[in-house]
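See below for the structure under consideration.
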Amino acid sequence: MKSLDLSLGANQSRTRIHVAGEIYEKSTFGLELRADGSLNKDTPDYRWKNTLKLDYAGSKTKDETNEYNNPRWAESADQLILDTVRRWKAGFFADPYAGVNAQTTVFDNNTFGEWAAFRPIQLRESAGLSLPIMDDAENDFTLRTGFFYQHYLNPARRENDPAPGFEAVLEYEGKLSKVVAFKSKAGVYTGLANTDDSWSPETESRKAVLEWDNRLIITLTRALCLNITYNVDNKDVSSTDIAYEVDHRTTLALNWKVF
């Protein structure tokens, strides 16, 4: 079974503020481009799930209350993820699995305005046991735990060192109703060895990274949908320092089902 969905959406907010007898306006305009693809195979012996996720979003804000008002395009999301997991049906309460996850960015202009696409490319190979909580035509809900080895093809910073570790991933994809679909993936990845702390070069720690992506898709018409995105990315949940990002978007989008 294969599928590929493309969506292009926009959102806008406008606020008027009355200050000292004057009316000022603050407006934000955002765009979102998404591609979600899957190529799955289900046999009596194994289930092989391959997914593609492209998520790019940005916004431009005009703020008349700011004397240095200079509207500029700012990225709020830039993610390209390829994920493949093969689960062998052993007939017990849990099944062995093997997987590969590749993550990168499509557009990166953080280095003096240089376009450095696909840098870095993070690879995470993993193997372990998978527990199928729900496994039917409409719902795929699994919990898997195992070991991983994470490394980079083209590291841009010296802290992107290879690292083995332990993973626990809870993943759901299914339909809540005829017009509402929900996808969620929560993963905790704990290193087995101490590595350098990015916020303090003189110390090391055994990092525990949290990645939690959620998307609710409400189909309004054949070509129109509402995307509600809530993603959390924490570089180290074991640290007392704040080092997480939260991305929350509600976007009205045109949706094309390629196949």
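Numbers here simply count residues along the sequence, with the first being 1. Remember, it's a predicted structure, so these values are computed and weren't measured experimentally. Only heavy atoms go into these numbers, but all of them, side chains included; no hydrogens, no water, no symmetry mates.
Between the side chains of Thr61 and Thr28, at least one donor-acceptor pair of N or O atoms lies under 3.5 Å.
To the nearest 0.5 Å, atom CD of residue Gln122 and atom OG1 of residue Thr104 are 9.5 Å apart. Ile228 contributes atom CD1, which lies 4.5 Å from atom CD1 of Ile218 (distance to the nearest 0.5 angstrom). The OG1 atom of Thr219 lies 8.0 Å from the CD1 atom of Ile217; values are rounded to the nearest 0.5 Å. With rounding to the nearest 0.5 angstrom, the OG atom of Ser7 is 11.0 Å from the CG atom of Leu226. Here CG of Asp42 is found 5.0 Å from CZ of Arg47. Values are rounded to the nearest 0.5 Å. Between the CG atom of Asp233 and the CG atom of Asp247 there is a distance of 10.0 Å, given to the nearest 0.5 Å.
In this structure, Thr251 contributes its side chain and Ala253 its backbone to no donor-acceptor pair below 3.5 Å.
Results of the side-chain contact (heavy atoms from CB on, under 4.5 Å) test with Val106 over Asp55, Leu80, Leu33 single out Leu80 as the only residue that passes. Only one option out of Lys53, Lys185, Lys49 pairs with Asp83 in a salt bridge (Lys or Arg N to Asp or Glu O under 4.0 Å); it is Lys185.
Around OH of Tyr230, the count of heavy atoms belonging to other residues, nucleotides or ligands within 6.0 Å does not exceed 12.
No side-chain heavy atom of Asp36 sits under 4.5 Å from any side-chain heavy atom of Ser38. Arg87 is not listed as a side-chain neighbour of Arg144, based on a closest heavy-atom distance of 4.5 Å or more.
Legend: residues meeting side-chain hydrogen bond (donor to acceptor under 3.5 Å, both in side chains) with Trp48, ordered by chain and number and at least two apart, are Asn50, Thr84.
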For the pair Asn11 and Thr250, evaluate side-chain contact (heavy atoms from CB on, under 4.5 Å) and give the outcome as yes or no after the intermediate values. CA-CA 8 Å; Asn11 53 72; Thr250 301; over 6 Å; no
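Hydrophobic clustering of Ile, Leu, Val, Met, Phe, Trp and Tyr side chains at less than 4.5 Å, counting indirect connections, keeps Tyr189 apart from Leu210. Under a hydrophobic clustering in which Ile, Leu, Val, Met, Phe, Trp and Tyr are joined whenever their side-chain heavy atoms come within less than 4.5 Å, directly or via other members, Tyr97 and Leu123 fall into different clusters.
The nearest pair of heavy atoms linking Pro132 to Thr142 is CA-CG2, 4.1 Å. Nearest heavy atom pair, residue Trp256 against residue Leu254, reads CZ3-O, 3.6 Å. Between Ala98 and Trp88, the shortest heavy-atom contact is N-CZ3, 3.8 Å. Counting all heavy atoms, side chain and backbone alike, Gly174 lies closest to Asn139 at CA-OD1, 3.9 Å.
Ion pairing of Asp213 with Arg215 is absent here, as no side-chain N (NZ or NE/NH1/NH2) approaches a carboxylate O to less than 4.0 Å. A salt bridge is absent between Lys89 and Asp135; no separation between the charged side-chain nitrogens and carboxylate oxygens falls under 4.0 Å.
Ring orientation note: the planes of Phe147 and Phe166 are nearly perpendicular, at an angle over 60° on the 30°/60° scale.
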